[in-house]
Amino acid sequence: MTKAIFAILGGFCVYVMATLSYAGIALLMGIESACIPLPSELIMPYAGALSDPAVNAALSEQFHVLLAPFNLWLAAIAGAIGCNLGSELAYWVGAKGGRPAIEKYGRLLLISKRELALADRWFERRGEVTILVARLLPVVRTFIAFPAGVARMNRARFHVFTFVGSLPWCYGLALVGQQLGIRLLDEHSPLKHWMHRLDAAIGAIIVVAAGYFVWSRVQVYRQYKAEAVVLKAD
């Protein structure tokens, strides 16, 4: 069950990386940083797993693709560059359209106002250094470019902070994926033994997490729809 779920979740990422190599990592991370729900916690571990020749061969056979093994640091750099590319779009939306454009963009991508407000508060309280810190944190890192654009933060500093903050995040996730892949490939690994024993529990957690994500996005959609009905009635 767990293998099937991970195959579905990771298949798209692996196919993109197989087709575009390092540019595929940058593209996928750019999608994530543009606030499209494709989590880096899925992208970079697969990129890291593909850096080990044996794991690469196993994944290539599983997904019927052919891909030369990645260099771990180059994969992390490609991921950080992708963060810059995707964040530029979010920054531009905030800089050009301000808060109304952000809310419109968020509505299209089913980003709640609470999530946008969270990014706003982080930026207002901690200033530009928030860009650096937020890139090391889940959730906030995805939306922090919006308030930076509204505040017209110096673009060069924005991209430097984004890259410097994103690089350790991408490398750390890639390293975890590499080591996890190596251990799961080892038939005698204690980790693999426990993964098999906990297969049903892990699968249930993944299903619940995926279900919660879908439910939360449905709630965001309903919230925006209710607000649109009220505005139309007025």
Side-chain angles (χ1 to χ4, degrees), residues 1-34 36-86 135-136 138 141-142 163 166-214:
M1 178 180 180
T2 304
K3 288 183 179 180
I5 292 173
F6 274 112
I8 294 172
L9 293 175
F12 173 69
C13 294
V14 172
Y15 279 118
V16 171
M17 292 176 198
T19 303
L20 301 176
S21 190
Y22 291 105
I25 300 175
L27 174 62
L28 292 168
M29 289 300 291
I31 291 172
E32 187 249 5
S33 293
I36 298 171
L38 182 63
S40 57
E41 294 87 348
L42 174 67
I43 300 165
M44 292 310 304
Y46 268 103
L50 290 168
S51 69
D52 180 80
V55 179
N56 183 296
L59 288 174
S60 296
E61 182 179 355
Q62 178 183 350
F63 292 107
H64 307 290
V65 295
L66 182 61
L67 176 64
F70 287 133
N71 174 280
L72 198 64
W73 272 108
L74 291 180
I77 290 171
I81 291 173
C83 290
N84 279 82
L85 295 174
R135 294 297 174 179
L136 298 168
R141 69 182 309 278
T142 307
F163 183 84
S166 297
L167 185 59
W169 173 266
C170 292
Y171 182 82
L173 289 176
L175 182 61
V176 168
Q178 180 197 62
Q179 295 304 311
L180 185 62
I182 291 172
R183 282 157 178 76
L184 290 179
L185 202 62
D186 181 4
E187 292 295 334
H188 304 290
S189 169
L191 177 61
K192 184 165 186 175
H193 172 71
W194 280 103
M195 286 286 284
H196 280 306
R197 291 188 65 177
L198 298 174
D199 186 69
I202 294 171
I205 291 171
I206 294 172
V207 170
V208 169
Y212 174 77
F213 176 80
V214 173

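No hydrogens, no waters, no symmetry mates; every other heavy atom, side chains included, goes into these values. Remember, predicted model here, so these are calculated numbers, not experimental data.
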Checklist entry - When you look at Val14 and Val65, which way does the side-chain contact (heavy atoms from CB on, under 4.5 Å) test go after all the steps? => result CA-CA 8 Å; Val14 172; Val65 295; 4.0 Å; yes
Checklist outcome for this item: What one should report as the nearest heavy-atom pair of Pro69 and Ser51 is CB-O, 4.0 Å
Checklist entry - Taking C-beta and beyond as the side chain, do Pro45 and Val176 meet within less than 4.5 Å on heavy atoms? => result no
Checklist entry - Could you state the interatomic distance from CE (Met44) to CD (Gln178), rounded to the nearest 0.5 Å? => result 11.5 Å
Item to check | side chain to side chain donor-acceptor pair (under 3.5 Å) against Ser60, all qualifying residues, sequence neighbours excluded | outcome: Asn56
Checklist outcome for this item: Of all heavy-atom pairs linking Cys170 and Ala76, the shortest is CB-O, 3.7 Å
Would you list the atom pairs, donor with acceptor, under 3.5 Å between side chains in residues 17-31 and any protein atom, with sequence neighbours excluded?
from	atom 1	to	atom 2	distance (Å)
Thr19	OG1	Tyr15	O	2.8
Tyr22	OH	Asn71	N	2.7

Next on the checklist: Going by side chain to side chain donor-acceptor pair (under 3.5 Å), name the pairs with one or both residues in residues 168-177, residues two or more places apart or in two chains.
Outcome noted: Ser40-Trp169
Checklist entry - Minimum heavy-atom separation for Cys83 to Ser33, with atom names? => result CA-OG, 3.2 Å
Next on the checklist: Which residues pass the side-chain contact (heavy atoms from CB on, under 4.5 Å) test with Ile81, not counting sequence neighbours?
Outcome noted: Ile77, Leu85, Phe163
